[in-house]
Amino acid sequence: MEHQLEELPQKAKEKQSENKRFFNKLKKKPPKNLDYVMQELHEDEFERTDCLTCANCCKTTGPLFTNADIERIAKHFRQKPSDFIARYLRLDEENDYVLQQAPCTFLGSDNYCSIYDVRPKACKEFPHTNRKKFHQISNLTLKNVAICPAAFNIVEEMKKKILF
């Protein structure tokens with residue numbers, strides 16, 4: 001996995017122009033069965049992929065924390081939301097709450113999440129490859145293929161299945 005993660009940013013960069021062209025076409029004319037195709041590709045990939053061998057998303061990026069996430073996680077820690085924010089979060093350029101640092105504070109050395117049952121919605125949904133109206137999040141997907149080997153593989157399979 002280490003070798004694969006080292007190569008991923010370069011592989012994603014090499015595919016970036018091709019992926020941008022593909023996603024531009026996808027935005028203009030999404031297939032009627034796109035959500036079904038994406039669900040199938042996502043499920044197939046995650047039958048082969050064990051996130052615990054990677055956790056690159058947790059090591060290199062941080063999720064956005066919604067107010068509901070903050071309330072839920074603060075309650076888990078028996079803290080006030082304001083105390084949770086002060087200890088773990090900061091406001092980014094877009095005024096969204098994000099972690100103060102990467103890797104994620106809640107990631108263990110075994111790649112397990114210490115708040116898995118109450119983790120942020122963004123973490124639950126990552127890499128967002130099974131989301132409805134997938135064609136609307138192409139910019140996010142282009143970023144995620146450089147972080148997540150599964151997202152990279154899903155996009156490569158997607159380009160083979162959806163022909164323009």
Side-chain angles (χ1 to χ4, degrees), residues 1-31 34-70 73 88-107 111-113 115-116 119-164:
M1 181 55 71
E2 289 293 320
H3 182 66
Q4 190 179 6
L5 287 176
E6 287 173 18
E7 291 181 343
L8 188 61
Q10 183 59 37
K11 285 171 66 176
K13 191 173 186 172
E14 289 168 6
K15 297 278 187 177
Q16 189 170 18
S17 294
E18 178 183 315
N19 288 346
K20 277 186 176 180
R21 283 192 303 276
F22 178 81
F23 280 114
N24 282 338
K25 289 177 186 175
L26 193 66
K27 272 185 183 175
K28 288 177 185 164
K29 194 174 183 206
L34 179 63
D35 289 344
Y36 173 78
V37 170
M38 292 310 299
Q39 186 69 40
E40 188 176 281
L41 291 173
H42 179 90
E43 287 172 8
D44 288 350
E45 181 61 31
F46 282 99
E47 283 179 18
R48 296 185 295 272
T49 300
D50 177 8
C51 294
L52 292 173
T53 63
C54 179
N56 199 43
C57 52
C58 306
K59 292 174 184 172
T60 61
T61 63
L64 297 179
F65 284 72
T66 65
N67 288 335
D69 293 331
I70 293 166
I73 299 166
Y88 298 107
L89 306 180
R90 67 176 175 81
L91 284 172
D92 70 4
E93 315 72 52
E94 296 164 8
N95 262 355
D96 292 316
Y97 281 111
V98 296
L99 289 169
Q100 290 177 6
Q101 63 188 38
C104 179
T105 308
F106 307 111
L107 180 67
N111 286 344
Y112 277 86
C113 174
I115 61 165
Y116 189 80
R119 69 193 183 280
K121 182 178 185 237
C123 297
K124 282 182 190 171
E125 294 179 353
F126 191 86
H128 312 286
T129 48
N130 63 343
R131 209 157 107 179
K132 300 237 182 289
K133 298 183 182 173
F134 177 79
H135 63 283
Q136 295 177 348
I137 60 162
S138 58
N139 290 342
L140 179 60
T141 304
L142 287 170
K143 289 178 186 170
N144 290 345
V145 297
I147 297 165
C148 176
F152 182 90
N153 293 340
I154 290 167
V155 169
E156 290 306 300
E157 286 302 309
M158 182 182 164
K159 290 185 295 190
K160 292 175 191 171
K161 275 203 171 212
I162 299 171
L163 304 172
F164 291 99

All heavy atoms of Leu107 vs all of Cys58, minimum pair found to be CD2-CB, 3.8 Å
Can you sort out the partners of Glu40 under salt bridge (Lys or Arg N to Asp or Glu O under 4.0 Å), two or more places apart, ordered by chain and number?
Lys161
Qualifying residues under salt bridge (Lys or Arg N to Asp or Glu O under 4.0 Å), relative to Lys121, sequence neighbours excluded:
Glu125
Point-to-point distance, once rounded to the nearest 0.5 Å, from CG of Asp92 to CG of Asp96:
5.0 Å
Mind checking whether Cys104 and Leu99 have side chains closer than 4.5 Å, heavy atoms only?
yes
Contacts of Glu156 that satisfy salt bridge (Lys or Arg N to Asp or Glu O under 4.0 Å) - sequence neighbours left out
Lys15, Lys159
Backbone N or O of Pro120 within a donor-acceptor pair of the Asp69 side chain at under 3.5 Å?
no
To the nearest 0.5 Å, tell me how far Ile154 CD1 sits from Phe134 CZ.
8.0 Å
Pro31 side chain near Leu26 side chain, heavy-atom distance below 4.5 Å
yes
Take Val37 and Met158, measure what side chain to side chain contact (heavy atoms under 4.5 Å, CB included) needs, and give me the verdict at the end.
CA-CA 8 Å; Val37 170; Met158 182 182 164; 5.6 Å; no
Sequence neighbours excluded, which residues qualify as ring pair (Phe, Tyr, Trp, His ring centres under 6.0 Å) partners of Tyr36?
none
Residue pair Val98 / Leu64, side-chain heavy-atom distance below 4.5 Å
yes
What's the shortest heavy-atom distance between Thr61 and Cys57, and which atoms?
OG1-O, 2.8 Å
Above 12 or not: heavy atoms from other molecules or residues under 6.0 Å from NZ of Lys132?
no
Would you confirm whether Gln100, through its side chain, and Leu89, through its main-chain N or O, come within 3.5 Å as a donor-acceptor pair?
yes
Separation between CG (Leu163) and NZ (Lys25), nearest 0.5 Å, reads 10.0 Å
Take atom CD of Glu14 as the centre, draw a 6.0 Å sphere, and report whether it contains more than 12 heavy atoms from other residues, nucleotides or ligands.
yes
Could you go through residues 139-150 and list every donor-acceptor pair under 3.5 Å that involves a side-chain atom there, pairing it with any protein atom two or more places apart or in another chain?
from	atom 1	to	atom 2	distance (Å)
Thr141	OG1	Ile137	O	3.1
Asn144	ND2	Pro127	O	3.4

Counting distance only, does the side-chain N/O of Lys59 pair as donor-acceptor with the main-chain N or O of Cys54 below 3.5 Å?
yes
What's the spacing between Gln39 CD and Thr129 OG1 if we round to 0.5 Å?
8.5 Å
List the residues meeting side chain to side chain contact (heavy atoms under 4.5 Å, CB included) with Lys160, not counting sequence neighbours, and say none if there are none.
Glu157
How long is the gap from CG on Asn130 to CD on Glu45, to the nearest 0.5 Å?
12.5 Å
Looking at Asn24, I'd like to know if its CG atom is crowded, meaning that more than 12 non-hydrogen atoms belonging to other residues, nucleotides or ligands lie closer than 6.0 Å.
yes
Output yes when a side-chain donor or acceptor of Asp35 lies under 3.5 Å from a complementary backbone atom of Lys133, and no otherwise.
yes
Any non-hydrogen side-chain atom of Leu8 less than 4.5 Å from a side-chain atom of Phe152?
yes
For Asp50 and Thr53, which heavy atoms make the closest approach, and how far apart are they?
O-OG1, 2.7 Å
So Arg119 and Tyr116, side chain to side chain contact (heavy atoms under 4.5 Å, CB included) or not? Walk me through it.
CA-CA 5 Å; Arg119 69 193 183 280; Tyr116 189 80; 3.4 Å; yes
Should Arg131 and His128 count as side-chain neighbours, where that means a heavy-atom distance under 4.5 Å?
yes
The test is side chain to side chain contact (heavy atoms under 4.5 Å, CB included); show your working for Val155 and Phe22 and say whether it passes.
CA-CA 10 Å; Val155 169; Phe22 178 81; 5.5 Å; no
List the steps and the verdict of side chain to side chain contact (heavy atoms under 4.5 Å, CB included) for Tyr97 and Tyr88.
CA-CA 10 Å; Tyr97 281 111; Tyr88 298 107; over 6 Å; no
How long is the straight-line distance from CG of Leu41 back to CG of Asn153, given to the nearest 0.5 Å?
10.5 Å
For the residue pair Ile73 and Ile115, establish whether any side-chain heavy-atom pair is separated by less than 4.5 Å.
yes
Give the ring-plane orientation class for His42 versus Phe46, where under 30° counts as parallel, over 60° as perpendicular and anything between as tilted.
tilted
